[in-house]
Amino acid sequence: MKILVAVKRVVDANVKVRVKADNSGVDLTNAKMAINPFCEIAVEEAIRLKEKGQAEEVIVVSIGDKACHEQIRTALALGADRGIHVDTEDGLQPLAVAKLLHAIVQREAIGLVLVGKQSIDTDNNQVAQMLAALAGMPQGTFACGVEVQDGKLKVVREIDGGEQTVLLSLPAVVSTDLRLNEPRYASLPNIMKAKKKPIDTLTPADLGVSVASRLRTLSVEPPPERSAGIKVASVDELIHRLKTEAKVI
Amino acid sequence: MKILVIAEHDNLSLKPATLSAVTAALAIGQPVDVLVAGAACASVASAAAAVVGVSRVLVADHPAHAAQLAESIAALVADIGTQYTHILAAATTTGKNLLPRVAALLDVAQISDIIAVKSADTFVRPIYAGNALATVQSEDPVKVISVRATAFAEAASAGNAATVESLNIVKEQALSAFVGQQLSTSERPELTAASVVISGGRGMQSGENFVLIEKVADKLGAAIGASRAAVDAGFVPNDMQVGQTGKIVAPELYIAVGISGAIQHLAGMKDSKVIVAINKDAEAPIFQVADYGLVDDLFKVLPELAEKL
């Protein structure tokens with residue numbers, strides 16, 4: 001089985017972004033960038049499946065401008081076998097991303113797709129479900145457990161009330177949640193080795209996909225600011241203020 | 001304009017998040033239909049018909065819909081979806097699982113997690129963990145939208161008698177099968193619906209110590225949440241996580257105990273009306289959003305709170 005993992009280059013999770021003065025977007029100038037944390041979990045899971053002998057090859061794909069080579073290299077250093085860079089402008093909509101991934105799934109005869117459940121920049125949580133729909137595959141979203149069982153995939157999902165288990169036929173699409181695994185760190189020898197692993201570059205035209213969107217961002221504004229309140233000195237003062245001032249208890 | 005709201009339910013009762021989705025739908029326009037897809041779900045259909053503002057309830061009651069798996073329900077929704085200008089569901093794990101699949105089948109974008117309706121084609125949604133609000137406009141013929149429940153009041157759940165029609169469409173599929181689920185049971189109010197929430201973080205040090213939080217929660221009739229750090233450390237189960245990728249809450253009172261206030265946690269609770277932070281580290285970022293901060297050891301504060309409340 002071949003596994004495809006998609007990774008997105010996003011602002012580092014610890015950076016607090018600011019909205020640009022002209023409200024056209026957020027200012028990412030000189031911001032530290034990284035693999036989206038959920039995507040990193042997807043890479044780790046793919047590598048573990050390969051280590052268990054349940055996959056022959058792990059292909060990592062990233063979609064965006066040339067800078068995302070950095071994230072592909074990181075995934076290769078973690079253990080992915082080869083990379084695909086789909087060279088486009090940044091900021092494609094999830095539907096366009098799903099169409100591009102679908103084209104790659106068909107080209108490479110992929111048996112399992114692993115993606116992060118959401119990216120921490122646009123917070124959409126859509127690509128896995130959309131890809132599964134386009135490919136006519138089952139979906140195991142928000143996975144906290146993945147196991148190949150008699151040619152099927154058992155997925156434990158994090159849901160609002162607890163956990164749900166589903167059994168999917170393969171090929172399938174899985175989106176990873178936080179508790180699926182703890183990603184490893186890349187070792188120095190593996191980082192060196194990753195430099196020699198191949199990365200193919202494709203364009204949406206090569207894949208026969210139109211990335212046009214009918215969804216436009218009109219403006220981006222900062223949220224209403226919450227100002228810091230006061231410090232209370234004791235539990236008594238806290239209870240008193242919650243009762244008489246805030247009137248919430 | 002014709003709007004479809006997908007009901008969230010467990011075949012027995014209608015989940016309150018659906019009522020918020022109805023409010024968002026009514027802010028867009030009318031008529032508003034509600035789809036109840038399930039098995040032996042007549043009680044849900046009656047509940048949906050009573051929701052004020054609903055014109056029609058469509059019931060797809062079939063054993064194949066018992067577990068409401070996305071593969072079959074999305075196909076069903078996409079089948080009737082072209083008759084609508086808007087398809088909405090609450091941005092719960094159920095809605096998040098289902099809606100993008102519907103959108104892709106209809107070859108349209110999905111607008112995730114809206115917090116405001118500007119017009120029938122323009123919506124506001126948080127991005128970057130709520131550190132920015134994007135206003136987006138869709139030119140798609142069908143707008144598929146998930147709704148952040150805490151941003152819209154619940155529509156009145158009684159006082160209407162919408163027509164109920166059965167929908168004889170079944171899209172059985174062999175792609176996926178339901179195996180089972182383990183649901184947390186609690187006597188406490190639901191996290192996303194509670195008027196008081198008290199959450200513990202890494203500072204709690206262990207799952208056993210959450211009993212200190214439970215004692216305070218008992219006094220306040222509060223729901224209990226947790227930060228990602230506490231869930232990742234295995235102190236408490238995942239369904240208690242409040243944050244960017246967990247549950248979004250906006251109670252009257254939110255008490256953060258031993259939580260430093262990482263960006264992704266703030267994203268899940270900063271719309272609470274009053275925020276209290278209890279943390280021994282005076283520099284913790286949580287104090288920057290707290291209305292009342294108490295810099296002290298939580299192991300001293302929690303028992304005292306439980307006693308004095």
Side-chain angles (χ1 to χ4, degrees), chain A residues 13-14 16-17 19 26 93-95 98 118 120-126 129-130 132-134 137-139 141-142 144 154 158-169 178-179 213-223 226 228-232 235-236 238-239 241-242 246 248-249, chain B residues 70-71 74 92-93 96-97 100-101 103-105 109-110 112-113 126-140 174-184 220 228 232 237-239 244-245 252-253 263 270 274 276 287-295 301 304-305 308-309:
Chain A
N14 297 307
K16 189 170 185 230
V17 297
V19 169
V26 299
Q93 292 289 332
L95 183 60
Q118 97 188 49
I120 60 163
D121 51 2
T122 50
D123 283 335
N124 279 310
N125 192 333
Q126 298 177 9
Q129 299 89 317
M130 287 182 158
L134 298 176
M137 290 182 190
Q139 62 189 50
T141 53
F142 328 142
C144 60
K154 191 169 124 186
E158 292 198 1
I159 57 171
D160 284 337
E163 289 179 356
Q164 181 188 68
T165 306
V166 289
L167 195 63
L168 310 180
S169 62
L178 291 169
R179 261 72 62 175
S213 168
R214 294 175 293 257
L215 189 64
R216 283 191 303 146
T217 298
L218 302 181
S219 69
V220 175
E221 327 244 341
R226 244 199 125 95
I230 56 161
K231 293 266 167 62
V232 293
V235 168
D236 289 320
L238 176 62
I239 293 174
R241 284 187 184 269
L242 288 177
V248 287
I249 59 170
Chain B
E71 291 80 1
T92 55
T93 49
K96 288 173 180 174
N97 186 41
R101 194 167 178 114
L105 292 175
Q110 182 194 296
S112 292
D113 223 13
I127 54 175
Y128 290 91
N131 287 307
L133 303 178
T135 301
V136 297
Q137 185 174 42
S138 165
E139 287 165 14
D140 279 319
L175 296 171
S176 62
F178 174 81
V179 177
Q181 52 192 13
Q182 305 78 43
L183 300 182
S184 310
L220 292 169
R228 177 187 161 186
D232 283 359
N238 67 278
D239 52 278
Q244 180 183 14
T245 66
E252 293 288 299
L253 172 61
I263 291 169
K270 70 187 165 76
V274 174
V276 170
F287 288 117
Q288 290 165 20
V289 299
D291 299 284
Y292 302 105
L294 179 53
V295 182
V301 171
E304 194 181 340
L305 258 179
K308 292 181 171 167
L309 276 168

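Predicted model only: the values in this text are computed from it and were never measured. Below, all heavy atoms of this structure are taken into account, side chains as well, without hydrogens, waters or symmetry copies. Proteins come first, then strands; the chains are lettered A, B, ... in the order of their sequence lines, and each starts at number 1.
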(request) Answer with side chain, backbone, both or neither: which region of A:E221 has an atom nearer than 4.5 Å to a non-hydrogen atom of chain B? (result) both
(request) Could you tell me which of A:P138, A:G229, A:G162, A:A228 has the largest number of non-hydrogen atom pairs under 4.5 Å with chain B? (result) A:P138
(request) Find the distance between CG (B:L183) and CD1 (A:I159) and round it off to the nearest 0.5 Å. (result) 5.5 Å
(request) Among the options A:L238, A:L167, A:D160, pick out the one with the most heavy-atom pairs lying under 4.5 Å from chain B. (result) A:D160
(message) Holding to salt bridge (Lys or Arg N to Asp or Glu O under 4.0 Å), I want the full list of residues that pass it with B:D239, two or more places apart in sequence or in another chain.
(response) none
(request) Please report the closest heavy-atom contact between A:Q164 and B:Q181, naming both atoms and the distance. (result) NE2-OE1, 3.4 Å
(request) Specify the closest pair of heavy atoms between B:A103 and A:M130, including all atoms of both residues, with the distance to one decimal. (result) CB-CE, 3.8 Å
(message) Under a 3.5 Å distance rule, please check whether A:Q129 uses its side chain to pair with a backbone N or O of B:K96 as donor and acceptor.
(response) yes
(message) Any heavy-atom pair between the side chains of A:D123 and B:D113 that's under 4.5 Å?
(response) no
(message) Would the distance check show the side chain of A:R241 and the main-chain N or O of B:Y292 forming a donor-acceptor pair, the cut-off being under 3.5 Å?
(response) no
(message) Closer than 3.5 angstrom, by distance alone: can the side chain of A:Q139 be matched with the main-chain N or O of B:A70 as a donor-acceptor pair?
(response) no
(request) Return the minimal non-hydrogen interatomic distance between B:I263 and A:A13, and the atom names on each side. (result) CD1-O, 4.0 Å
(message) With a 4.5 angstrom heavy-atom cut-off, is it the side chain or the backbone of A:P223 that approaches chain B, or both, or neither?
(response) both
(request) Give, as side chain, backbone, both or neither, the part of B:E71 having an atom under 4.5 angstrom from any heavy atom of chain A. (result) side chain
(message) Need one label for A:L218: side chain, backbone, both or neither, based on atoms under 4.5 Å from any heavy atom in chain B.
(response) both
(message) Under 4.5 Å from any heavy atom of chain B, what part of A:I239 do you find: side chain, backbone, both or neither?
(response) side chain
(request) Report the option among A:N14, A:L134, A:V248, A:V19 that has the most heavy-atom pairs separated by less than 4.5 Å from atoms of chain B. (result) A:V248
(message) At a 4.5 Å cut-off on heavy atoms, which part of A:I249 comes close to chain B: side chain, backbone, both, or neither?
(response) side chain
(request) Counting only heavy atoms closer than 4.5 Å, note whether B:A132 contacts chain A via side chain, backbone, both or neither. (result) both
(message) Heavy-atom cut-off 4.5 Å, strictly under: side chain, backbone, both or neither for A:L215 against chain B?
(response) both
(request) Side-chain contact test, heavy atoms from C-beta onward, threshold under 4.5 Å: evaluate it for B:Q110 versus A:Q93 and give yes or no. (result) no
(message) Which atoms of A:V235 are under 4.5 Å from chain B, going by heavy atoms: the side chain, the backbone, both sets, or neither?
(response) both
(request) Heavy-atom distances under 4.5 Å only: say whether A:A246 touches chain B with side chain, backbone, both or neither. (result) both
(request) With the side chain counted from C-beta on, respond yes when B:L175 and A:M137 share a heavy-atom pair under 4.5 Å apart, and no when they do not. (result) no
(request) For the residue pair A:E158 and B:T93, establish whether any side-chain heavy-atom pair is separated by less than 4.5 Å. (result) no
(request) Report the residues that fulfil side-chain hydrogen bond (donor to acceptor under 3.5 Å, both in side chains) with A:T217, sequence neighbours left out, ordered by chain and then residue number. (result) none
